[in-house]
**Student:** 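I have a structure here, written as structure tokens, and I will follow up with some questions on it.
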Amino acid sequence: MSDMHQPAPPPQPETSGFARVLDRAFGHPSGPLGRLGGWVMARGNAATEHCVLDLAKIEPDETVLVVGPGPGVGLEAAARLAGRAIGVDPSPEMLTLCQERCGDRAELREGSAAHTGEPDGSVDVVLSVNNVMLWADRAAGFAELCRVLRPGGRLLLSAHEKWLPVSRHVLADEAAAAGFADLQTWTWEPPGFAALAAQLRAVKPA
């Protein structure tokens with residue numbers, strides 16, 4: 001049975017400034033803080049990005065969609081494996097960093113998990129690393145990702161467990177409600193000092 005969680009309390013006024021700083025650095029990176037956030041993400045997320053890619057088992061003829069690629073470390077690696085790689089990010093700052101890293105190896109557009117800009121059934125693999133906690137509407141995000149996946153396509157998601165607003169089991173329930181099947185969830189400890197990662201794999205039914 002999935003864990004039950006009470007809704008998180010609203011942020012207190014004294015933390016709102018800090019929350020805005022975090023959003024500018026990591027949620028919707030912009031300006032100098034956005035560049036700093038990109039630097040942190042490129043180093044802190046790299047091991048998890050490569051772990052998720054290994055789990056995805058991408059084939060050379062497949063299309064991969066990376067949600068929230070940040071500075072593009074995982075997107076660049078995916079582009080070297082896939083026939084087509086797409087990155088959608090709400091931050092123009094991060095899209096610029098992706099362009100600098102990936103060049104013409106990946107397609108980039110402003111978007112989000114809930115608004116990818118992809119046609120129905122056009123993607124084989126969706127990857128999401130350390131951004132599900134920033135989705136404005138997780139139900140809409142999971143529904144959109146299920147829509148753009150081809151039957152049999154797979155979703156690989158990883159996020160710092162301590163930053164999740166709900167447990168990884170609840171995330172799995174939300175993915176199932178959006179139409180995903182064959183759900184698996186587990187934790188993974190990245191090398192170094194990175195936080196414990198909650199990971200999820202799901203498949204769009206054929």
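Residue numbers start at 1 and run along the sequence shown.
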**Student:** Measure the SG-CG distance between Cys102 and Leu75 for me, rounded to the nearest 0.5 Å.
**Tutor:** 4.0 Å
**Student:** Between Thr116 and Ala113, is there a donor-acceptor pair closer than 3.5 Å when you use the side chain of the first and the backbone of the second?
**Tutor:**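 Not confirmed, Thr116 side chain does not pair with Ala113 backbone.
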**Student:** Any heavy-atom pair between the side chains of Arg109 and Glu118 that's under 4.5 Å?
**Tutor:** yes
**Student:** What is the distance from atom OG1 of Thr187 to atom CZ of Arg168, rounded to the nearest 0.5 Å?
**Tutor:** 5.5 Å
**Student:** Shortest non-hydrogen contact from Pro69 to Gly87?
**Tutor:**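 Closest heavy-atom pair between Pro69 and Gly87: CG-CA, 4.1 Å.
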**Student:** Check whether Asp137 reaches the backbone of Ala140 with its side chain - one donor and one acceptor, N or O, closer than 3.5 Å.
**Tutor:** yes
**Student:** Going by heavy atoms in the side chains, are Leu200 and Trp186 under 4.5 Å from each other?
**Tutor:**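 Contact flag for Leu200/Trp186 side chains = no.
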**Student:** How long is the gap from CD on Glu76 to CD on Glu100, to the nearest 0.5 Å?
**Tutor:**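 One gets 12.0 Å once the value is rounded to the nearest 0.5 Å.
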**Student:** Val148 and Val64: same hydrophobic cluster, using ILVMFWY side-chain contacts below 4.5 Å?
**Tutor:**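 No; tracing contacts between hydrophobic side chains, which count when under 4.5 Å, never links both residues.
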**Student:** Kindly indicate whether the side chain of Thr96, heavy atoms from C-beta on, has any atom under 4.5 Å from the side chain of Gln99.
**Tutor:** no
**Student:** Do Leu149 and Val132 sit in the same hydrophobic cluster, where Ile, Leu, Val, Met, Phe, Trp and Tyr count as joined when their side-chain heavy atoms come under 4.5 Å apart?
**Tutor:** yes
**Student:** Please check: side-chain N/O of Arg147 versus main-chain N/O of Gly121, any donor-acceptor pairing under 3.5 Å?
**Tutor:** no
**Student:** Assess, by modelled atom type and distance only, whether the side chains of Trp188 and Gln199 contain a donor and an acceptor separated by less than 3.5 Å.
**Tutor:**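 On atom types as modelled, these side chains do not qualify, holding no pair under 3.5 Å.
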**Student:** Show the nearest heavy-atom pair for residues Glu144 and Gly117, with the distance to one decimal.
**Tutor:** OE2-N, 4.1 Å
**Student:** Given side chains that start at C-beta, do those of Val67 and Leu145 come closer than 4.5 Å, heavy atoms only?
**Tutor:**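 Yes, at least one pair of side-chain atoms sits under 4.5 Å.
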**Student:** Between Gly179 and Cys146, what is the shortest heavy-atom contact and its length?
**Tutor:**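 What the structure gives for the nearest pair is C-SG, 4.0 Å.
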**Student:** Without swapping roles, check the side chain of Asn131 against the backbone of Val129 for a donor-acceptor pair under 3.5 Å.
**Tutor:**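 Yes; at least one donor-acceptor contact below 3.5 Å.
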**Student:** Determine, using the 4.5 Å side-chain heavy-atom cutoff (strictly less than), whether Leu164 and Leu156 are members of one ILVMFWY cluster.
**Tutor:** no
**Student:** Thinking salt bridges, do Arg84 and Glu59 make one under a 4.0 Å N-O criterion?
**Tutor:**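 Looking at Arg84 and Glu59, the cut-off is not met.
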**Student:** Do Leu183 and Val166 share a hydrophobic cluster, counting only Ile, Leu, Val, Met, Phe, Trp and Tyr and linking them when any side-chain heavy atoms are less than 4.5 Å apart?
**Tutor:** yes
**Student:** Where the side chain of Asp89 meets the backbone of Leu95, is there a donor-acceptor pair that is under 3.5 Å apart?
**Tutor:**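 Side chain of Asp89 to backbone of Leu95: no pair is present.
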**Student:** May I ask you to check whether over 12 heavy atoms, not counting those of Asp104, lie within 6.0 Å of atom CG?
**Tutor:**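 Counting neighbours around CG of Asp104, 12 or fewer heavy atoms of other residues, nucleotides or ligands fall under 6.0 Å, so no.
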**Student:** Supply the atom-to-atom distance Glu161 CD to Met133 CE, rounded to the nearest 0.5 angstrom.
**Tutor:** 10.5 Å
**Student:** Membership question, hydrophobic clusters at under 4.5 Å side-chain separation (ILVMFWY): are Leu53 and Leu55 in the same one?
**Tutor:** yes
**Student:** Just so I know, are the side chains of Val170 and Glu174 near enough to count as touching, which here means a heavy-atom distance under 4.5 Å?
**Tutor:**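 Heavy-atom side-chain distance check passes, below 4.5 Å.
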**Student:** Nearest heavy-atom pair of Asp124 and Thr63: which atoms, and what distance?
**Tutor:** OD2-N, 2.8 Å
**Student:** How long is the straight-line distance from CG of Leu155 back to CG of Leu157, given to the nearest 0.5 Å?
**Tutor:**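 Leu157 atom CG to Leu155 atom CG measures 5.5 Å (nearest 0.5 Å).
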**Student:** Look up atom CD in Glu107 and atom CD1 in Ile86, then write down how far apart they are to the nearest 0.5 Å.
**Tutor:**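 If I round to the nearest 0.5 Å, the distance is 5.0 Å.
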**Student:** Identify the two heavy atoms, one from Ser158 and one from Val52, that lie closest to each other, and give their separation to 0.1 Å.
**Tutor:** CB-CG2, 3.8 Å
**Student:** Could you tell me whether the side chain of Ser128 reaches within less than 4.5 Å of the side chain of Trp135, counting heavy atoms only?
**Tutor:** yes
**Student:** What pair of heavy atoms forms the shortest contact from Asn130 to His160, and how long is it?
**Tutor:**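 In terms of heavy atoms, the two residues are closest at OD1-N, 2.9 Å.
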**Student:** Step by step, work out the salt bridge (charged side-chain N to carboxylate O under 4.0 Å, His left out) result for Arg154 and Glu62.
**Tutor:** CA-CA 11 Å; Arg154 55 234 187 252; Glu62 291 188 315; 2.8 Å; yes
**Student:** Could you give me the CA-CA distance, side-chain angles and deciding distance for Leu65 and Val88, then say whether side-chain contact (heavy atoms from CB on, under 4.5 Å) is met?
**Tutor:** CA-CA 8 Å; Leu65 171 66; Val88 296; 4.1 Å; yes
**Student:** Quick check: do Arg150 and Val123 have side-chain heavy atoms less than 4.5 Å from each other?
**Tutor:** no
